[in-house]
Amino acid sequence: AMQYYAELTGDDDGVVTVNGEVHGRCWEGHFWLPPFCRNNYSKCLLYFTGGAGWSIEMTMQKATWWQMPIAAAVARDWAAFVALPTQVMSTFYWWVPDPTFLRLQPKEIAFPPFDRGAYKRGDLRTATQDQSIDKYVSHDLAVLAPDLQDFVGALVLDLNMVNEIMLDKLDSGEDYHDVACRWLKNHETAWTAWLPDSTKCFPQFGLYLERAKTFVDSRQDPTGLTCRACESGYYSAPLNDDQGLTYICVPCPLGHAQPSGAALACAPCNSGEYQDEEASTSCKRCAISTYQDQKGQVSCLQCPTTTSTVGLGSVSFDDCRCEENSINTASRGSPSCVACGEGLNCPFASDLESLKTGVSDLGPQFVPAIKEGYYSSADAALEVYKCGVIDHCPGGPPGQCAGGREGAPCAECPSGKTWSKQECVGCDAGTTALWWIAVVGAFPVSAATYYFMKPKGSQLTARQTAAVACGMTFSGLQAVAILGMMTVKWAEAFGVASGSLQILVLDVDGISFSCIAGSSTWVRYVLSTLAFPVLCIWLRLCLFASQWLPWEMLRWKKVNMQNVLGNLLQMAFGTMSALALQPLMCYTHPNGLLSLLQHPGVLCGSPDHGAMTVAGLVLLVVFVIGFLVLCSYAAYKIPYWSCRGSRSLVQSFSFLIDRFRLDRYWYGVPLLVRGPALSLCVVFATDHPLAQSALAGLILSLFVLLQRRIDPFITRAHPVNPHSGREKASLKGLARSFFPGPWRVHGRRRP
């Protein structure tokens with residue numbers, strides 16, 4: 001016990017260790033002193049206990065924990081224990097009822113209520129548990145002596161009565177029988193109520209007929225009548241008859257209940273409850289979708305249609321709230337619930353005010369909110385837009401955009417700012433300068449491709465091989481970028497990769513293009529579409545200007561220039577088609593409006609969309625369809641041109657056939673179709689991701705099967721055997737036109 005005391009209180013100074021055993025420390029040879037008065041004995045009050053130290057460990061724990069200034073000592077025997085408290089002012093250990101210290105009229109020291117779990121652990125700092133002093137009799141006493149049982153059941157002795165009797169015995173010195181008799185004579189009013197009267201019922205009781213096992217409301221025939229406490233669902237009511245006053249048990253009326261029994265009245269059902277049956281022990285709670293705002297009612301009121309309550313027992317019409325997935329648009333009065341569309345998260349009890357403020361009187365779990373990836377303005381909170389990029393719209397209350405973006409749906413940065421990583425930042429001079437350097441530098445770089453891509457002879461040079469490889473790689477990356485334009489939710493790795501390649505379809509808004517092109521979306525789009533006409537015009541100007549150069553080797557040839565231009569347009573064909581079809585990619589917002597998939601801030605049908613559509617159609621008709629038609633015509637005519645010896649025409653379109661075997665020279669044309677076909681998947685199924693992925697998968701599968709069947713790519717140093725007849729002659733002419741140097745068929749060298 002002393003070891004546990006030290007561990008519990010941390011009072012190591014209050015104990016000593018002797019031969020490995022922990023004992024309480026004694027001061028002055030007799031007393032244990034608590035920390036509160038240990039340094040000044042004069043502040044300590046005496047505390048006595050007896051025996052071998054009754055409850056001394058409990059006293060030590062309480063004194064230390066509650067800072068009690070008591071000096072505890074153990075009386076050497078019973079006589080000393082009884083005498084010491086009468087000799088000095090002190091505290092002491094005692095139990096009741098007991099007459100030992102009754103004359104001192106001591107006061108009990110109160111502690112926090114008994115803690116059973118703490119006592120099991122040895123923690124004795126709370127009050128001890130009172131022990132009931134009872135006497136038990138035969139279980140069949142009611143049969144053997146029913147009147148005696150009634151008498152004993154009515155007998156009530158409290159502690160004050162017992163103390164009074166014990167004090168009288170101390171004063172008189174008489175035996176207990178005489179003292180008890182005197183107490184009865186002096187307290188007749190206390191015990192007359194104990195005497196049994198089978199029909200005289202007291203409050204909380206009522207007349208009960210034993211043979212019928214039921215309560216009755218009359219005692220005209222007293223045979224078999226007794227008094228019994230009213231059961232739950234009944235209350236005790238007075239009955240005055242010719243025999244005097246008694247009580248009967250009456251069932252609780254409708255709208256009332258009595259759960260405890262032995263009651264003088266039934267309680268009316270509270271608001272939110274009702275009772276449609278008599279003699280009820282409890283009231284029924286109003287069901288969900290009903291309420292009751294008055295007490296003592298027999299039914300509940302129904303909430304309006306499309307509304308319900310958060311749970312049982314609703315107490316007011318205001319508890320009728322809109323059901324889940326609907327929202328209340330009425331500011332006051334009866335709720336007006338409308339369905340929540342896509343982009344809105346509407347828990348039970350949603351209302352327009354909570355949506356705007358982000359606060360609900362029922363708690364945060366009942367606050368409606370815009371879902372992540374959607375947007376609505378504060379003025380039109382229910383007009384929900386679907387954001388082009390989920391991260392731009394964090395959701396929550398209306399009008400929330402990430403990183404300082406603005407507009408519907410968080411589509412643009414403010415004028416003079418551009419999107420950088422996760423926020424809108426100002427256009428600094430460095431960014432603007434880099435863009436102008438890139439724009440101006442594009443002209444000499446595109447001109448330099450002439451010397452990099454022009455044909456050199458029958459063998460592919462290292463530069464031409466690199467150009468072919470770059471073209472194929474660029475074409476494949478374009479396909480990935482176009483797939484990234486789809487509304488399909490790709491795997492994270494593919495989504496990141498395709499998103500980073502959007503610049504290949506001239507989606508330059510993410511790299512601060514607005515810093516030089518302005519904040520107008522349609523202007524930036526038109527400027528993007530002008531890149532291809534400007535390229536054609538620029539190369540034509542370079543052809544014309546090169547004729548003035550003094551060195552023959554640097555002068556451009558029209559055939560080579562056309563081939564280089566075709567190479568560039570072929571590489572950028574997927575980009576052109578995706579860019580041209582962007583104004584036709586309209587997706588639907590939850591509010592019914594349409595926005596451009598790549599430019600969500602532009603509503604389809606708006607003037608800005610009209611300007612973009614015109615620019616896109618021009619690019620589509622002239623450059624996309626026009627280039628495809630021109631390449632198809634050339635693929636059809638190349639054998640004829642090669643037979644006729646039209647070498648310049650064949651070499652002008654060498655970009656179309658230089659990657660493939662001579663008998664599969666035309667494969668460049670169907671390969672061009674891949675980019676527009678993937679873009680059309682988005683155009684035709686903008687709002688249907690599954691359809692987009694299915695169409696894209698079908699298109700890519702067809703191209704894979706076609707490529708495997710043809711196996712088109714092969715170096716020009718080893719052309720396969722040409723066909724016989726006219727086709728053989730055509731291919732020979734094609735080979736001679738396309739490959740100016742020596743070439744081999746069946747291993748024989750031909751001039």
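Atoms considered below: every heavy atom in the structure, side chains included; atoms not considered: hydrogens, waters and symmetry mates. It should be emphasised that the depicted structure is a prediction, and the values quoted were computed from it without experimental measurement. Quick note: residue numbers are just sequence positions, from 1.
Checked by atom type and distance alone, the side chain of S232 pairs as donor or acceptor with a backbone atom of P259 at under 3.5 Å. With S360 contributing its side chain and S354 its backbone, the two residues share no donor-acceptor pair below 3.5 Å. Panel note: side chain H589, backbone K386; a donor-acceptor pair is recorded below 3.5 Å. Checked by atom type and distance alone, the side chain of Y119 pairs as donor or acceptor with a backbone atom of T126 at under 3.5 Å. A side-chain donor-acceptor contact under 3.5 Å links N328 to the backbone of S336. Looking at S280, its side chain never comes within 3.5 Å of a backbone N or O of S282 through a donor-acceptor pair.
In this structure, L581 and L584 have side chains that are in contact, with non-hydrogen atoms separated by less than 4.5 Å. Looking at heavy atoms from C-beta onward, V384 lies out of side-chain contact with E342 at the 4.5 angstrom threshold. In this structure, the side chains of V534 and I537 stay at 4.5 Å or more apart for every pair of heavy atoms. Side-chain contact between M576 and P676: absent, with no pair of heavy atoms (C-beta onward) separated by less than 4.5 Å. In this structure, the side chains of K284 and E277 come closer than 4.5 Å at one or more pairs of heavy atoms. The shortest distance between side-chain heavy atoms of C283 and Y274 does not fall below 4.5 Å. Annotation: side chain of P347 is in contact with side chain of S350 (closest heavy-atom distance under 4.5 Å). Looking at heavy atoms from C-beta onward, L382 lies out of side-chain contact with N591 at the 4.5 angstrom threshold.
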Handout entry: Verdict with supporting geometry, L264 and Q204, side chain to side chain contact (heavy atoms under 4.5 Å, CB included)
Key = CA-CA 6 Å; L264 297 176; Q204 301 178 321; 4.0 Å; yes
Handout entry: Stepwise side chain to side chain contact (heavy atoms under 4.5 Å, CB included) check, L312 with I288
Key = CA-CA 5 Å; L312 303 175; I288 292 178; 3.9 Å; yes
Exercise for the section: Before giving the answer on side chain to side chain donor-acceptor pair (under 3.5 Å), spell out for S260 and Q258 the whole-Å C-alpha distance, their side-chain angles and the decisive distance to 0.1 Å. Expected result: CA-CA 6 Å; S260 61; Q258 178 48 250; 2.8 Å; yes
Exercise for the section: I would like to know whether C604 and L596 meet side chain to side chain contact (heavy atoms under 4.5 Å, CB included); could you show each step before the answer? Expected result: CA-CA 6 Å; C604 296; L596 292 183; 3.9 Å; yes
Practice task
Just do the disulfide (SG to SG under 2.5 Å) check on C346 and C322 with the steps written out, would you?
Solution key: CA-CA 9 Å; C346 296; C322 292; over 6 Å; no
Problem - CA sep, side-chain torsions, deciding dist, call: W522, H609, side chain to side chain contact (heavy atoms under 4.5 Å, CB included) - result: CA-CA 7 Å; W522 75 269; H609 178 242; over 6 Å; no
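Nearest heavy atoms, Y525 versus L579: OH-O, 2.6 Å. When all heavy atoms are compared, the tightest approach of C387 to Y587 is C-OH, 4.0 Å. Looking at every heavy atom in both residues, S376 comes nearest to A380 through CB-O, 3.8 Å. When all heavy atoms are compared, the tightest approach of C586 to L594 is CB-CB, 4.2 Å. The two atoms that bring V624 and A580 nearest to each other are CG2-CB, 4.3 Å, heavy atoms only. Shortest non-hydrogen contact noted between G233 and T281 is N-CG2, 3.9 Å.
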Quick one: side chains of residues 682-691, donor-acceptor pairs under 3.5 Å with protein atoms, not counting sequence neighbours, listed by atom name and distance.
unit_1: T686; atom_1: OG1; unit_2: V682; atom_2: O; d: 2.5
unit_1: T686; atom_1: OG1; unit_2: V683; atom_2: O; d: 3.4
unit_1: D687; atom_1: OD1; unit_2: T588; atom_2: N; d: 2.8
unit_1: D687; atom_1: OD2; unit_2: T588; atom_2: N; d: 3.3
unit_1: D687; atom_1: OD2; unit_2: T588; atom_2: OG1; d: 2.6

Please tabulate, for side-chain N and O atoms in residues 395-411, each donor-acceptor pair with protein atoms closer than 3.5 Å (sequence neighbours left out).
unit_1: R405; atom_1: NE; unit_2: H392; atom_2: ND1; d: 3.4
unit_1: R405; atom_1: NE; unit_2: C410; atom_2: O; d: 2.8
unit_1: R405; atom_1: NH2; unit_2: A411; atom_2: O; d: 2.6

Result block: side-chain N/O donor-acceptor pairs under 3.5 angstrom for residues 290-304, not counting sequence neighbours:
unit_1: T290; atom_1: OG1; unit_2: A287; atom_2: N; d: 3.0
unit_1: T290; atom_1: OG1; unit_2: A287; atom_2: O; d: 2.5
unit_1: Q292; atom_1: OE1; unit_2: Q294; atom_2: N; d: 3.1
unit_1: Q292; atom_1: NE2; unit_2: S299; atom_2: O; d: 2.7
unit_1: Q297; atom_1: NE2; unit_2: K295; atom_2: O; d: 3.0
unit_1: Q302; atom_1: NE2; unit_2: S289; atom_2: O; d: 3.1

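Residues meeting the salt bridge (charged side-chain N to carboxylate O under 4.0 Å, His left out) test with R125, sequence neighbours left out: D123. Not counting sequence neighbours, D391 has no partner by the salt bridge (charged side-chain N to carboxylate O under 4.0 Å, His left out) test.
Interatomic distance, CG of L344 versus OH of Y374, reported as 10.0 Å (0.5 Å rounding). The CG atom of L619 sits 9.0 Å away from the CG atom of L530 when rounded to the nearest 0.5 Å. The distance from the CG atom of L355 to the CG atom of D351 is 8.5 Å, given to the nearest 0.5 Å. Remark: C269 SG to R285 CZ distance equals 13.0 Å, nearest 0.5 Å.
At a cut-off of 3.5 Å, with distance as the only test, no side-chain donor of H256 or Q275 sits close to an acceptor on the other residue.
Between K417 and E423, none of the side-chain N atoms (NZ, or NE/NH1/NH2) sits under 4.0 Å from a carboxylate O, so this pair counts as no salt bridge.
In summary, the aromatic rings of F573 and F627 are positioned with their centroids under 6.0 Å apart.
Note on residues 306-325: pairs passing salt bridge (charged side-chain N to carboxylate O under 4.0 Å, His left out), not counting sequence neighbours, are R321-D361.
The number of heavy atoms from other shown groups lying within 6.0 Å of CD1 (I390) does not exceed 12.
Note: Y234 and F215 have tilted aromatic rings, judged against thresholds of 30 and 60 degrees for the angle between ring planes. Between Y375 and Y385, the ring-plane angle classifies as tilted under the 30° and 60° cut-offs. Using the six-membered ring where Trp is involved, F623 and F532 have ring planes that are tilted, between 30° and 60° apart.
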